[in-house]
Amino acid sequence: MANRIGSISLGLLTALVGGEALGSLVMATPLRPPLEIAQNSSAPLTVDVLKNLSYSIPDQGTYPLNNGVFTGGTFNLNLIKPIALGDVDQDGDQDTAVILRWDSAVGPEELIYLAVVTDGPDGPIANPNTYFLGDRVRVQSLVIKNGQIRLNILKHQQGDPQCCPSALVSEAYQLNTGEGTLEPITLNEQQRQEIHIQDLPSQALPGDQDEPFQPPEDQFQIQL
């Protein structure tokens with residue numbers, strides 16, 4: 001896995017609270033020229049690949065992003081921060097978990113989805129499944145660890161306005177490789193506390209924020 005991580009020229013930048021589209025990314029200087037790849041070709045996972053991939057939205061359809069955005073007649077679909085890198089399907093290859101935002105053009109809805117992107121030697125880069133997280137929720141951290149997608153997310157509690165959820169909730173998901181579906185994991189209190197404490201966004205890195213940064217293995221999170 002370390003070799004796969006080494007092939008990805010992505011900078012870990014300042015930890016920011018989620019919500020901005022990835023249309024204007026500041027990235028580390030690549031080790032080689034960017035790859036020009038087709039939708040279904042096999043290539044290292046990069047932010048550019050993720051920004052130009054097709055994603056399935058439950059009960060809606062499959063939409064190809066162009067530079068992180070799909071524009072429909074009544075909605076926009078955006079790839080937003082954060083992005084997590086790690087081995088989701090436990091096949092030894094690097095995968096990613098990303099956050100998608102569905103903005104309605106005719107209503108106040110702002111639907112947030114968790115999408116997994118897998119990359120293996122026997123198949124192309126693909127989005128096998130996407131999971132609905134909620135309307136106007138805010139993902140604070142996203143980490144892949146031991147095959148689990150772990151996140152801290154702000155959700156609404158009683159009295160919260162729709163714009164501003166305030167309840168911090170720790171959740172985890174895993175990919176059912178047989179069914180190809182993302183499934184929530186039931187966590188006990190100790191597991192929730194572990195995610196809450198260990199996976200909160202880190203402070204800003206000192207020095208040049210464009211410098212590459214290598215986090216611990218299986219705990220690679222990109223906050224852009």
Side-chain angles (χ1 to χ4, degrees), residues 1-8 10 12 15-19 44-47 49-50 53 55-58 79-101 111-123 125-134 137-155 165 167-202 213-224:
M1 179 178 299
N3 291 335
R4 295 289 294 171
I5 294 176
S7 69
I8 302 173
L10 298 176
L12 180 65
L16 300 174
V17 172
L45 283 169
T46 66
V47 172
V49 170
L50 298 173
L53 199 65
Y55 294 90
S56 62
I57 301 299
L79 178 68
I80 63 174
K81 61 187 181 184
I83 297 170
L85 305 180
D87 188 3
V88 175
D89 52 13
Q90 300 287 272
D91 65 351
D93 290 300
Q94 194 81 346
D95 308 305
T96 65
V98 303
I99 303 300
L100 300 170
R101 185 183 66 214
L111 309 182
I112 304 299
Y113 294 88
L114 169 67
V116 62
V117 177
T118 57
D119 180 20
D122 300 324
I125 295 172
N127 162 228
N129 199 234
T130 303
Y131 192 91
F132 176 58
L133 294 175
V137 299
R138 298 289 181 263
V139 177
Q140 303 293 283
S141 69
L142 184 64
V143 169
I144 297 172
K145 183 177 181 181
N146 299 326
Q148 298 180 0
I149 302 172
R150 305 166 18 150
L151 54 86
N152 285 298
I153 182 171
L154 285 173
K155 292 190 170 183
L168 185 63
V169 180
S170 298
E171 298 180 345
Y173 298 82
Q174 63 186 0
L175 182 65
N176 183 327
T177 54
E179 299 293 331
T181 55
L182 276 174
E183 299 176 349
I185 300 171
T186 301
L187 301 173
N188 58 38
E189 183 60 28
Q190 180 179 349
Q191 292 169 323
R192 283 194 294 270
Q193 286 298 320
E194 177 185 336
I195 295 174
H196 176 75
I197 295 171
Q198 293 185 5
D199 297 349
L200 283 175
S202 60
F213 173 76
Q214 180 61 60
E217 185 176 355
D218 285 337
Q219 295 189 46
F220 198 136
Q221 173 176 295
I222 303 170
Q223 289 277 3
L224 300 165

**Q** In Å and rounded to the nearest 0.5 Å, what is the CZ to CZ distance from Arg138 to Arg101?
**A** 8.0 Å

**Q** Between Asn152 and Ile195, what is the shortest heavy-atom contact and its length?
**A** ND2-O, 3.2 Å

**Q** Give the C-alpha distance, both sets of side-chain angles, the deciding distance and a yes or no for side chain to side chain contact (heavy atoms under 4.5 Å, CB included) between Leu100 and Leu79.
**A** CA-CA 5 Å; Leu100 300 170; Leu79 178 68; 3.9 Å; yes

**Q** Is the number of heavy atoms from other residues, nucleotides or ligands under 6.0 Å of Glu179 CD greater than 12?
**A** no

**Q** Decide yes or no for Val169 and Val137: does some side-chain heavy atom of the first lie under 4.5 Å from some side-chain heavy atom of the second?
**A** no

**Q** To the closest 0.5 Å, what do you measure between CD (Gln90) and CG (Asn146)?
**A** 7.0 Å

**Q** State, to 0.1 Å, how close Leu45 and Gln94 come at their nearest heavy-atom pair, and which atoms those are.
**A** CD1-O, 3.3 Å

**Q** Do you know which two heavy atoms are closest between Thr186 and Gln191, and how far apart they sit?
**A** O-OE1, 3.9 Å

**Q** Minimum heavy-atom separation for Val117 and Pro128, please, with both atom names.
**A** CA-CD, 4.5 Å

**Q** Just verifying a value: how many Å separate Leu50 CG and Ile125 CD1, rounded to the nearest 0.5 Å?
**A** 7.5 Å

**Q** What are the two closest non-hydrogen atoms of Asp91 and Asp119, and how far apart are they?
**A** OD2-O, 4.1 Å

**Q** Check the pair Thr118 / Leu175 against side chain to side chain contact (heavy atoms under 4.5 Å, CB included), numbers first and verdict last.
**A** CA-CA 10 Å; Thr118 57; Leu175 182 65; 4.0 Å; yes

**Q** Using every non-hydrogen atom in the two residues, find where Val139 and Pro82 come nearest and quote the distance to one decimal.
**A** CG1-CD, 4.0 Å

**Q** Just how far is it from atom CG of Asp87 to atom CD1 of Ile144, taken to the nearest 0.5 Å?
**A** 8.5 Å

**Q** Kindly indicate, with the supporting measurements, whether the criterion side chain to side chain contact (heavy atoms under 4.5 Å, CB included) is fulfilled by Leu133 and Tyr173.
**A** CA-CA 11 Å; Leu133 294 175; Tyr173 298 82; 3.5 Å; yes

**Q** Go through Glu194 and Gln190 one step at a time and tell me if the side-chain hydrogen bond (donor to acceptor under 3.5 Å, both in side chains) criterion holds.
**A** CA-CA 6 Å; Glu194 177 185 336; Gln190 180 179 349; 5.9 Å; no

**Q** Ignoring hydrogens and angles, tell me if any N or O in the side chain of Thr130 forms a donor-acceptor pair with the backbone of Ile57 under 3.5 Å.
**A** no

**Q** Starting at CD1 of Ile185, measure out to CD of Gln148 and round the result to the nearest 0.5 Å.
**A** 3.5 Å

**Q** Rounded at 0.5 Å granularity, tell me how far CG in Leu114 sits from CD1 in Ile153.
**A** 9.0 Å

